[in-house]
**Q** 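Quick one: the structure is below, and I'll ask about it shortly.
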Amino acid sequence: MELAWYALLGLFFAAYLVLGGYDYGVGLLLARRAGAGTGRAALTAVGPFFLGNEVWLVATVGILFGAFPTLEGELLAGFYPVVLGALAGVVLVTAGVQLRGRAGGEATRAGWDRIVVVGGVLAALGWGALLGGLLQGVPLTADGHVAGVGHVVTPFVAATGLTLLALVAVHGATFLTLRLPPADAPALARLARGLVPAALTAVAATTVLGLLSDRVRAAVARPALAVLLPLVVVAALLVARAALRRGRAGVAFAATATALALPAPLVGAALWPRILVATGDPAASLTVAGAAASRPTLALLGWLVLPLLPALLGFQAMCWWVFRGRIDGRAPVYW
Amino acid sequence: MDPLLLARLQFATTTSIHFLFVVVTLGLVTLLVGLQTAGYLTGKPVYERLTRFWGQLYVINYVLGIATGIVMEFQFGLNWSGLSRYVGNVFGAPLAIETLVAFFLESTFLGMWIFGWHRLRRGVHLALLWGVALTAYASAFWIMVANAWLQHPVGYEVRDGVAHLTDFGALVTNPTFGFAFGHVVSASLVTGGLLMAAVSAWHLLRRTPDFLLFRTSLRLGLVTAALAVSALQGFGFAQFGPVGQLQPTKFGGGPGREAMVADWTARFGPGDWAPPVLSSVGLGFMILIGFALGCVWLLLPLLWRDWIIRLRFPLWLLLLGLPLPFVAVLLGWIAREVGRQPWVAYGLLPTAQAVSPVSPALMLASLIGFGLLLGALAVTNGTLLARHAARGALDPALGRPPAPDTDAHHQPVFA
Ligand code: HDD
Ligand code: HEM
Ligand code: HEM
């Protein structure tokens with residue numbers, strides 16, 4: 001039963017990284033002052049999906065609280081500065097996207113753009129660092145609390161943060177290639193392709209740092225899965241680049257989405273059955289089973305969620321279906 | 001500085017700001033459902049225009065409110081990890097249900113509703129708004145179940161120092177839940193109704209050309225506020241029953257107070273088991289405001305032959321009264337939440353045991369950072385609502401028909 005909930009948690013977080021990922025990626029691209037896919041067109045492209053994307057994060061934390069209460073407390077408090085950064089990023093993007101279009105002049109609008117960019121950077125860095133921090137384990141006190149927050153300050157965590165940032169940027173550009181009017185697509189595909197080498201470099205650096213880190217090597221229970229992760233991400237990036245060159249935006253988007261979907265489940269699987277691995281003494285680690293809520297709670301939530309899940313996914317799918325296709329000058333502009 | 005104090009201060013700030021958004025969201029969505037349904041059934045254009053105008057204000061408030069809600073959700077883990085550790089098995093369940101059953105659908109529906117004008121069939125579009133409203137109420141329901149459990153823990157047993165769920169039904173039938181939920185919902189309706197009436201009053205005072213439109217929303221807002229304020233008073237007084245019985249240390253103390261404190265001293269050791277004196281001061285003011293707002297009933301007869309508009313001063317009264325419900329909701333929550341101190345879960349988990357072992361410097365940074373951020377959001381929200389309300393209903397961006405095909409350039413609509 002714990003495994004099923006753990007898988008669901010992974011699914012929701014992965015879906016958030018994919019869907020929220022292109023929101024932040026598109027936000028990052030607002031840093032360019034001109035060209036296709038800046039300003040209002042970019043926001044119109046994400047508009048209908050924005051609220052539905054972000055709510056995957058809300059649901060992830062809901063599942064975390066309901067099904068893994070102990071993990072919720074230790075994870076969020078134990079990674080305090082990282083979570084704070086990510087959270088501030090999410091808030092800035094949410095507010096900025098909505099406020100940007102309501103500002104008066106060009107200058108104010110540029111200011112809001114900058115806020116969205118900063119928010120996107122913070123969110124991507126934060127979630128990337130959180131995954132990296134999990135992979136390298138945490139110092140646990142005798143009573144099971146994470147000791148301090150100094151443990152996150154390592155080159156590896158910085159690298160995972162930057163990697164997610166790069167992936168999100170590629171993903172956002174690819175999304176725009178898919179969504180904006182056909183005339184804009186080639187320029188955007190070029191932009192996305194240009195970002196791929198940066199992402200590849202980041203993945204490579206992360207892999208090397210991870211292999212060199214004693215903490216990462218000690219914490220990972222299934223090295224094969226941990227090594228698989230960068231390989232699949234690199235493969236996905238290469239597929240995306242090739243597809244972008246051929247003008248196959250759909251394939252490219254599927255590839256970048258895969259690159260963002262995999263980190264969460266593979267990190268979870270590589271650490272299984274532990275989740276907060278104690279540095280020094282792995283036996284003291286917090287296991288998934290140990291972090292889970294007790295049986296009656298899981299059963300209750302299960303009975304509620306099981307019948308509901310098809311509806312949740314169905315309405316999300318309805319949203320994608322209704323607003324599929326490229327936007328044109330006639331698309332409703334609300335943000 | 002004491003991390004406990006910092007964590008409490010942060011909770012108080014964040015929740016208060018969140019709730020200012022929430023009352024408007026819950027109140028307006030109910031009125032919007034009425035407006036759009038009326039438009040669907042009667043086919044009169046005035047209702048569609050009303051839906052677009054009020055919908056625009058609703059959406060601004062909603063989206064900025066979400067940002068505050070997300071901070072709320074994370075705050076439990078960040079600052080109150082003891083809460084999830086000791087009572088997460090029970091308290092986590094309603095919160096998880098809330099996010100999955102309510103928020104997930106609510107946000108998905110709302111996204112489609114905002115962008116679905118002229119794209120979806122009218123019936124589907126209306127159904128989406130109904131979905132948004134029902135899930136909004138569901139979210140208020142489950143969050144109040146969670147809060148009521150903190151006020152009066154039920155349906156659990158403690159094993160190895162951790163609370164485990166034994167009877168979920170007891171959470172929903174919790175005596176500190178029902179009246180409180182009714183009270184919160186009525187408070188939201190009063191706030192939403194009064195907001196609608198006050199904005200309409202402003203336009204009528206300015207003699208905006210849209211007379212008929214704002215006359216309609218003035219009436220709708222007033223009648224809603226009047227009906228809701230009576231329910232509000234009823235639920236409010238009804239709460240004294242369960243609170244007095246189950247939380248004898250709240251509000252300066254009922255008959256069971258001494259026995260309760262003696263019992264806690266026996267179980268948890270000696271300590272100061274009384275809430276801060278400050279906790280019940282706000283209650284009196286809230287009740288005063290409740291009676292003051294009850295006077296909207298006196299305005300209802302003036303709707304006859306539009307006397308309320310011709311006399312003008314009732315419109316001014318409505319404008320001046322607008323801050324009152326916002327003050328009252330904050331006072332009410334402070335009474336409820338500070339009155340339960342020094343417990344997070346009343347009689348079960350002392351607040352001091354729930355706070356995360358995080359360094360005070362970090363907590364202070366978080367308190368200041370998010371305090372400023374969310375405060376700025378609240379101010380921005382107020383300003384934007386005022387500006388868009390003042391702009392009138394001529395052509396809100398929400399639901400604007402698509403531009404003609406020739407327009408390949410994206411024109412900034414808000415310029
Ligand atoms: C528009 C806002 C508003 C107004 C005018 C009133 N209230 Fe209220 N009150 C609230 C909004 C509110 C609230 C913010 O929604 C609270 C906080 C927690 C809750 O359940 O409702 C609340 C709490 C609250 C509590 C505390 C319950 C507890 O501690 O568990 C009591 C006893 C009352 N109210 C009673 C009243 C009475 C007798 C009123 C006047 C006739 C009144 N309220 C007017
Ligand atoms: C319904 C959901 C709510 C839940 C689950 C909840 C839970 C909590 C928790 C866990 C704390 C911190 C621990 C403590 O100090 O006891 C707290 C404190 C507080 N909350 Fe709430 N709260 C809710 C709603 C609200 C709302 C809507 C407001 C205000 C508008 C509010 C006002 C406060 C205040 C003022 C404190 C600080 C009390 C003190 O420490 O003296 N709460 N609440
Ligand atoms: C401490 C408790 C609370 C937590 C953790 C919390 C959490 C959240 C979250 C995460 C959101 C954003 C949801 C989304 O993305 O759609 C939100 C919005 C909302 N919350 Fe809360 N909330 C709390 C207190 C309350 C209370 C007391 C109420 C009402 C009685 C309430 C009603 C709402 C409503 C109606 C929304 C819709 C959006 C809005 O107003 O902006 N919440 N809340």
Side-chain angles (χ1 to χ4, degrees), chain A residues 39-41 44 47-52 54-55 57-59 61-63 65-67 69-70 72-77 80-81 83-84 87-88 90-91 94-95 98-99 101-103 145 148-149 293-294 296-297 300-301 304-305 308 311-312 315-316 318-319 322-323 329-334, chain B residues 60 63-64 66-67 70-71 73-74 76-78 81-82 84-85 88-89 92-93 95-101 103-105 107-112 114-120 164-166 168 356-358 362 366 369 373 377 380 384 397-398 400 402-403 405 407-410 412-414:
Chain A
R40 171 151 303 280
T44 309
F49 311 114
F50 189 86
L51 292 178
E54 188 167 72
V55 82
L57 174 65
V58 175
V61 179
I63 296 176
F65 205 157
T70 313
E72 199 248 10
E74 292 312 324
L75 181 73
L76 300 189
Y80 205 91
V83 176
L84 230 51
L87 184 57
V90 172
V91 170
T94 310
Q98 137 113 342
L99 294 175
R102 303 183 191 285
H145 291 297
V149 291
S294 45
T297 311
L300 168 84
L301 291 178
L304 249 141
V305 170
L308 200 72
L312 298 186
F315 282 116
Q316 284 263 325
M318 170 178 168
C319 182
V322 169
F323 298 100
R330 292 161 37 83
V333 205
Y334 179 74
Chain B
I60 293 174
V63 179
L64 293 181
I66 284 185
I70 295 178
V71 179
E73 195 185 17
F74 275 85
F76 284 123
L78 286 168
S81 62
S84 25
R85 174 174 288 252
N89 281 318
L95 286 182
I97 296 175
E98 181 202 17
T99 55
L100 290 168
V101 176
F103 287 147
F104 198 89
L105 291 174
S107 276
T108 314
F109 290 152
L110 185 64
M112 285 193 268
I114 297 175
F115 291 90
W117 292 81
H118 312 291
R119 188 181 261 258
L120 295 165
H164 295 271
L165 183 68
T166 54
F168 186 67
S356 304
V358 171
L362 271 178
S366 157
L373 188 58
L377 277 187
T380 316
L384 272 183
L398 181 71
R400 188 177 289 162
D405 215 357
D407 175 22
H409 297 283
H410 311 282
V413 267
F414 286 106

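Only a predicted model underlies this, so the values are computations on that prediction, with no experimental measurement involved.
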**Q** Leu300(A) versus chain B, heavy atoms under 4.5 Å apart: side chain, backbone, both or neither?
**A**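 The side chain, not the backbone.
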**Q** Less than 4.5 Å to any heavy atom of chain A: does that hold for the side chain of Thr166(B), its backbone, both, or neither?
**A**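 Looking at Thr166(B), nothing touches chain A.
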**Q** Take Gln316(A) and Phe104(B) through the test side chain to side chain contact (heavy atoms under 4.5 Å, CB included) and record every step on the way to the result.
**A** CA-CA 9 Å; Gln316(A) 284 263 325; Phe104(B) 198 89; 3.7 Å; yes
**Q** If I take atom CG from residue Leu120(B) and atom CZ from residue Phe323(A), how far apart are they, to the nearest 0.5 angstrom?
**A**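 These two atoms lie 5.5 Å from each other.
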**Q** Please give me the minimum heavy-atom distance between Phe103(B) and Val55(A), naming the atom from each residue.
**A**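 What the structure gives for the nearest pair is O-CG2, 3.4 Å.
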**Q** Heavy-atom distances under 4.5 Å only: say whether Leu384(B) touches chain A with side chain, backbone, both or neither.
**A**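 Leu384(B) touches chain A through side-chain heavy atoms alone.
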**Q** Do you know which of Val91(A), Leu87(A), Thr94(A) has the most heavy-atom pairs with chain B at a distance under 4.5 angstrom?
**A**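 The option with the most such pairs is Leu87(A).
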**Q** If I measure from the heavy atoms of chain A, does Leu78(B) come under 4.5 Å with its side chain, its backbone, both, or neither?
**A**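 For Leu78(B), the contact with chain A is made by backbone and side chain together.
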**Q** For a quick test of reading the model, state the closest non-hydrogen atom pair linking Gly62(A) to Ala96(B) and the distance between them.
**A**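 Closest approach of Gly62(A) to Ala96(B): O-CB, 3.3 Å.
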**Q** So what's closer than 4.5 Å to chain A heavy atoms on Ser356(B): side chain, backbone, both or neither?
**A**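 It is the side chain, since no backbone atom gets that close.
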**Q** With Val305(A), which residues qualify under side-chain contact (heavy atoms from CB on, under 4.5 Å), at least two apart?
**A**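 Result, side-chain contact (heavy atoms from CB on, under 4.5 Å) vs Val305(A): Trp5(A), Leu8(A), Leu309(A), Leu100(B).
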**Q** Give the minimum heavy-atom separation between Gly77(B) and Glu72(A), together with the two atoms involved.
**A**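 Result for this residue pair: CA-OE1, 3.4 Å.
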**Q** With only heavy atoms counted, which part of Leu84(A) is less than 4.5 Å from chain B, the side chain, the backbone, both or neither?
**A**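 Its backbone and side chain both get close to chain B.
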**Q** Does Arg85(B) reach the main-chain N or O of Pro69(A) with its side chain, forming a donor-acceptor pair under 3.5 Å?
**A**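 Checked: no pair found.
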**Q** Heavy-atom cut-off 4.5 Å, strictly under: side chain, backbone, both or neither for Phe168(B) against chain A?
**A**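 For Phe168(B), side-chain heavy atoms alone lie under 4.5 Å from chain A.
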**Q** Enter the distance from Glu54(A):CD to Ile70(B):CD1 here, rounded to the nearest 0.5 Å.
**A**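 Between Glu54(A) CD and Ile70(B) CD1, I get 4.0 Å after rounding to 0.5 Å.
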**Q** Of all the heavy-atom pairs spanning Thr297(A) and Ala93(B), show the shortest one and how long it is.
**A**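 Residues Thr297(A) and Ala93(B), closest heavy atoms: CG2-CB, 4.2 Å.
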**Q** Drop me the distance from Glu74(A)'s CD to Ser84(B)'s OG, to the nearest 0.5 angstrom.
**A**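 Answer for the CD-OG pair, Glu74(A) versus Ser84(B), is 8.0 Å.
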**Q** Using the side-chain contact (heavy atoms from CB on, under 4.5 Å) criterion, which residues pair with Val149(A)? Sequence neighbours excluded.
**A**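 With sequence neighbours excluded, Val149(A) shows a side-chain contact (heavy atoms from CB on, under 4.5 Å) to Tyr80(A), Pro81(A), Leu362(B), given in chain and number order.
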**Q** Go through Ala311(A), Cys319(A), Gly52(A), Pro296(A) and name the one with the most non-hydrogen pairs under 4.5 angstrom from chain B.
**A**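 When all of Ala311(A), Cys319(A), Gly52(A), Pro296(A) are compared, Cys319(A) has the most.
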**Q** Out of Pro357(B), Gly111(B), Ser366(B), which one racks up the most heavy-atom pairs below 4.5 Å with chain A?
**A**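 Most pairs with chain A among the choices: Ser366(B).
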**Q** Measuring from Met112(B):CE to Phe49(A):CZ, what's the distance to the nearest 0.5 Å?
**A**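 Here the interatomic distance stands at 10.5 Å.
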**Q** Minimum heavy-atom separation for Asn89(B) to Ser294(A), with atom names?
**A**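 Here Asn89(B) and Ser294(A) meet closest at OD1-N, 2.8 Å.
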**Q** Name the region of Val61(A), side chain, backbone, both or neither, that has any atom closer than 4.5 Å to a heavy atom of chain B.
**A**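 Both parts, backbone and side chain.
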**Q** First locate atom CZ of Phe50(A), then atom OG of Ser107(B), and finally report the distance between them rounded to the nearest 0.5 Å.
**A**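 So the CZ of Phe50(A) and the OG of Ser107(B) are separated by 10.0 Å.
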**Q** For Ile114(B) and Leu51(A), what are the C-alpha separation, side-chain angles and deciding distance, and is it a side chain to side chain contact (heavy atoms under 4.5 Å, CB included)?
**A** CA-CA 10 Å; Ile114(B) 297 175; Leu51(A) 292 178; 4.1 Å; yes
**Q** Does the Gln98(A) side chain pair with the main chain of Ile60(B), one donor and one acceptor, at a distance under 3.5 Å?
**A**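 Yes; judged by distance alone, with no hydrogens or angles, the pair exists.
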**Q** Measuring from atom CZ of Phe74(B) to atom CZ of Phe65(A), what distance do you get when rounded to the nearest 0.5 angstrom?
**A**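 That separation rounds to 12.5 Å.
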